[in-house]
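Notes follow the structure.
Fair warning: this is a prediction, and the values are worked out from it, not measured in the lab. Residue numbers count from 1 along this sequence.
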Amino acid sequence: MSSIPVAETVASLMPRAKAELTELVAFKSVADFDQFPRSESEGAARWVADALRAEGFEDVALLDTPDGTQSVYGYLPGPEGAKTVLLYAHYDVQPPLDEAGWSTPPFELTERDGRWYGRGAADCKGGVIMHLLALRALKADGGVPVNVKVIAEGSEEMGTGGLERYAEAHPELLKADTIVIGDSGNFRVGLPTVTTTLRGMTMVRVQIDTLAGNLHSGQFGGAAPDALGALIRVLDSLRAEDGSTTVDGLTGGSSWEGLQYDEAQFRVDAKVLDGVELIGSGTVADRIWARPAVTVLGIDCPPVVGATPSVQASARALVSLRVPPGVDAAQATKLLQAHLEAHTPWGARVSTEQIGQGQAFRADTTSPAYQAMADAMAVAYPGEEMQYAGQGGSIPLCNTLAGLYPEAEILLIGLSEPEAQIHAVNESVSPQELERLSVTEALFLRNYAGS
């Protein structure tokens, strides 16, 4: 057994991987059943379950989780006495947003300029394919040397916590010696990276009411309290003059000590318009990995087209708050709600509702699994050393698994490098990264089995 047959096998399987990812991307598996049919998510879940059965997995099941979605579980036994590794991905995806902004249909995998485009191609249906490729390569080169559990979540993007609560109610199901979360990404294409921290998050819906109904702005404007104006005041209070997040009572976070993010490169990656300043203070890495960040995700108010000359009686917004490791997400939620209520002007009526929440995560990088991963990445990415980076996003399940299995080693890898534009229009995956990370995962499983 060697690394060469593994790499050759993965390379030979790439046409099949593209065909499978095409099938999986075609499911409009957005776990918001007010917008997309439940049948689309259920179809994607069945696809994953069938794929696991075809690879010899046992106990394959569609788990009905408390948030009304399904997660897919399977178990592949290894040699007697072998270690157990849990491989995670999620098959649900973000909505396509503005479909007119896509160069090609969002739910049709399309090759363009050396990348494969489609919603979920990188985040995280590509992660499902990555796990399958790694296992197939090992099976073709002597067998899988560990017990493997696979869990594919059905509502990660919604943050509704179905799988977390299911795991807490069935603590033996996902128990493993090490856990590979395939929902992160390299810092840059071709630079092998493990993500060692994740920010936690909370989402709060705020509604402001000032009048029994809308009023004519000419007859009443100037004295009648405008709910939309009040909401704008409230949202503005969440930022300092330089754009830093300011939530009353919330600490500002700390400094990032690891891999740094060049500001000019960040501007390119984030597609910041010429002349527009970045917000916040400190290094870019400080701002996106180690400090709180508030974002207004949406506002319910009349659109410009069709607007009437009216004083608005009600307005609401959805606010996201990301918090770094060391900040409790539940406490941050309370502080955000208190801030929104305290900064509402004119005695307007205000109500807040928590929509989703997840804790931050910090990995133990001193564990043997990290050395096994470093060795695997050195082979899959010749001439490159494994890098440690943070991620501003949240994967709430990580903290749940860390709490349930404190002895387990948790590693985060994946396909969501900056060019992937996850959550945006024209999401894509690099097939070269899919190939190299599949080789990485296969070699990691072999290295870890012998560690």
Taking side chain as C-beta onward, heavy atoms only, is V146 less than 4.5 Å from F444?
no
I'd like to know whether S184 forms a side chain to side chain donor-acceptor pair (under 3.5 Å) with Q391, so could you lay out the CA-CA distance, the side-chain angles of the two residues, the decisive distance to 0.1 Å, and finally the verdict.
CA-CA 8 Å; S184 181; Q391 189 178 94; 3.2 Å; yes
Heavy-atom side-chain contact between P192 and T440 under 4.5 Å:
no
Do E156 and H90 pair up side chain to side chain, a donor and an acceptor below 3.5 Å, judged on atom types alone?
yes
Sub-3.5 Å donor-acceptor pair from the side chain of N399 to the main-chain atoms of A360, do we have one?
yes
Should R136 and E20 count as an ion pair when the cut-off is N to O under 4.0 Å?
yes
Rounded to the nearest 0.5 angstrom, the CG-CD1 distance for L86 and I179 is 5.5 Å
Search all heavy atoms of V93 against all heavy atoms of F107 and return the closest pair with its distance.
CG2-CE2, 4.3 Å
Give a yes-or-no answer on whether the side chains of H343 and D236 include a donor-acceptor pair shorter than 3.5 Å.
no
Judged by atom type as modelled, is there a donor-acceptor pair below 3.5 Å linking the side chain of N426 to the main-chain atoms of S103?
yes
In the structure I gave you, are the side-chain heavy atoms of E441 and V180 within less than 4.5 Å of one another anywhere?
yes
Check: D123/Q94 side-chain N/O donor and acceptor closer than 3.5 Å:
no
For the residue pair T352 / Q337, report whether a side-chain donor-acceptor contact shorter than 3.5 Å exists.
yes
Indicate the ring-plane relationship of Y261 and F266, choosing parallel, tilted or perpendicular according to the 30° and 60° boundaries.
perpendicular
Trace of the side chain to side chain contact (heavy atoms under 4.5 Å, CB included) decision for S320 with T202
CA-CA 6 Å; S320 164; T202 184; over 6 Å; no
Under 3.5 Å, sequence neighbours excluded: what are the donor-acceptor pairs made by side chains of residues 377-389?
unit_1, atom_1, unit_2, atom_2, d
Y381, OH, N186, ND2, 3.1
Y381, OH, E433, OE1, 3.0
Q387, NE2, E385, O, 3.3

Other residues, nucleotides, ligands: >12 heavy atoms within 6.0 Å of K139 NZ:
yes
Return yes if some donor-acceptor pair links the side-chain N/O of R199 with the main-chain N/O of P324 below 3.5 Å, else return no.
no
Treating R267 as the side-chain partner and L273 as the backbone partner, does any N or O pair qualify as donor plus acceptor under 3.5 Å?
yes
Do L238 and T245 come close enough that some side-chain heavy atom pair is under 4.5 Å?
no
Polar side-chain atom of K149 near backbone of V85 as donor-acceptor pair, under 3.5 Å
no
Flag side-chain contact, heavy atom, 4.5 Å: N147 against Y75
yes
Between R446 and D141, does any side-chain N to carboxylate O distance fall below 4.0 Å?
yes
Y73 and F57 aromatic centres sub-6.0 Å:
no
Of all heavy-atom pairs linking A121 and V429, the shortest is O-CB, 3.6 Å
Scanning both residues in full, the closest heavy-atom pair of P96 with V425 reads O-CG1, 4.0 Å
Strictly distance-based, threshold 3.5 Å: is any side-chain N or O of K125 a donor or acceptor partner for the main-chain N or O of L24?
yes
If you measure only the distance, is there a donor-acceptor pair under 3.5 Å linking the side chains of E23 and W47?
yes
So, T110 and E108: side-chain donor and acceptor under 3.5 Å apart, yes or no?
no
Nearest-0.5 Å distance that lies between atom CD in E164 and atom CD in Q357
10.5 Å
Classify the side-chain pair S41/K28 by whether it contains a donor and acceptor separated by less than 3.5 Å.
no
Reported CD1-to-CD distance for the pair I279 and E241, which is rounded to 0.5 angstrom:
12.5 Å
Side chain proximity check, V189 to R436, heavy atoms < 4.5 angstrom:
yes
Rounded to the nearest 0.5 Å, how far does CG of L411 lie from CE of M373?
5.0 Å
I need the minimum non-hydrogen distance between P292 and T251, along with the two atoms involved.
CG-O, 3.3 Å
Quick check against the 3.5 Å criterion: does D177 have a side-chain atom that pairs as donor or acceptor with the backbone of T84?
yes
Do E353 and Q207 come within less than 4.5 Å of each other through their side chains, counting heavy atoms only?
no
Would you compute the distance between atom CZ of R287 and atom CH2 of W256 and round it to the nearest 0.5 angstrom?
15.5 Å
Is it true that K18 and E435 have a side-chain N and a carboxylate O under 4.0 angstrom from each other?
no
Nearest heavy-atom approach of P431 to R115 is CD-CA, 4.0 Å
Pick out which of T65, D32, D67 makes a side-chain hydrogen bond (donor to acceptor under 3.5 Å, both in side chains) with S155.
D67
Mind running side chain to side chain contact (heavy atoms under 4.5 Å, CB included) on W116 and L434 for me, showing each step along the way?
CA-CA 11 Å; W116 299 345; L434 175 58; 3.9 Å; yes
Decide whether S29 and E40 meet the rule of one side-chain donor and one side-chain acceptor closer than 3.5 Å.
no
Could you measure the distance from the OG atom of S428 to the OH atom of Y117? Nearest 0.5 Å is fine.
4.5 Å
A17 to I129 - nearest heavy-atom pair and separation
CB-CG2, 3.7 Å
Backbone of L335 reached by a side-chain donor or acceptor of H339 within 3.5 Å
no
If you apply the rule side chain to side chain contact (heavy atoms under 4.5 Å, CB included), what do you find for R239 with V294, and how did you get there?
CA-CA 8 Å; R239 294 192 183 278; V294 70; 4.0 Å; yes
Using a strict threshold of under 4.0 Å (side-chain N to carboxylate O), is an ion pair present between E419 and R188?
no
Report yes or no: does R119 contribute a side-chain atom to a donor-acceptor pair with the main-chain N or O of V25 at less than 3.5 Å?
no
Determine, stepwise, if the pair T400 / E168 fulfils side chain to side chain contact (heavy atoms under 4.5 Å, CB included).
CA-CA 8 Å; T400 299; E168 289 165 349; 4.0 Å; yes
State whether a side-chain donor-acceptor pair under 3.5 Å links D364 with S367.
no
Regarding E409 and T178, is there a side-chain donor-to-acceptor distance under 3.5 Å anywhere?
no
Run the side-chain contact (heavy atoms from CB on, under 4.5 Å) test against A230 and tell me which residues pass, sequence neighbours left out.
I208, P345, W346
Hey, does T344 have a side-chain heavy atom less than 4.5 Å from the side chain of V206?
no
Answer yes or no: is there a donor N or O on one side and an acceptor on the other, between the side chain of Y370 and the main chain of I410, under 3.5 Å?
yes
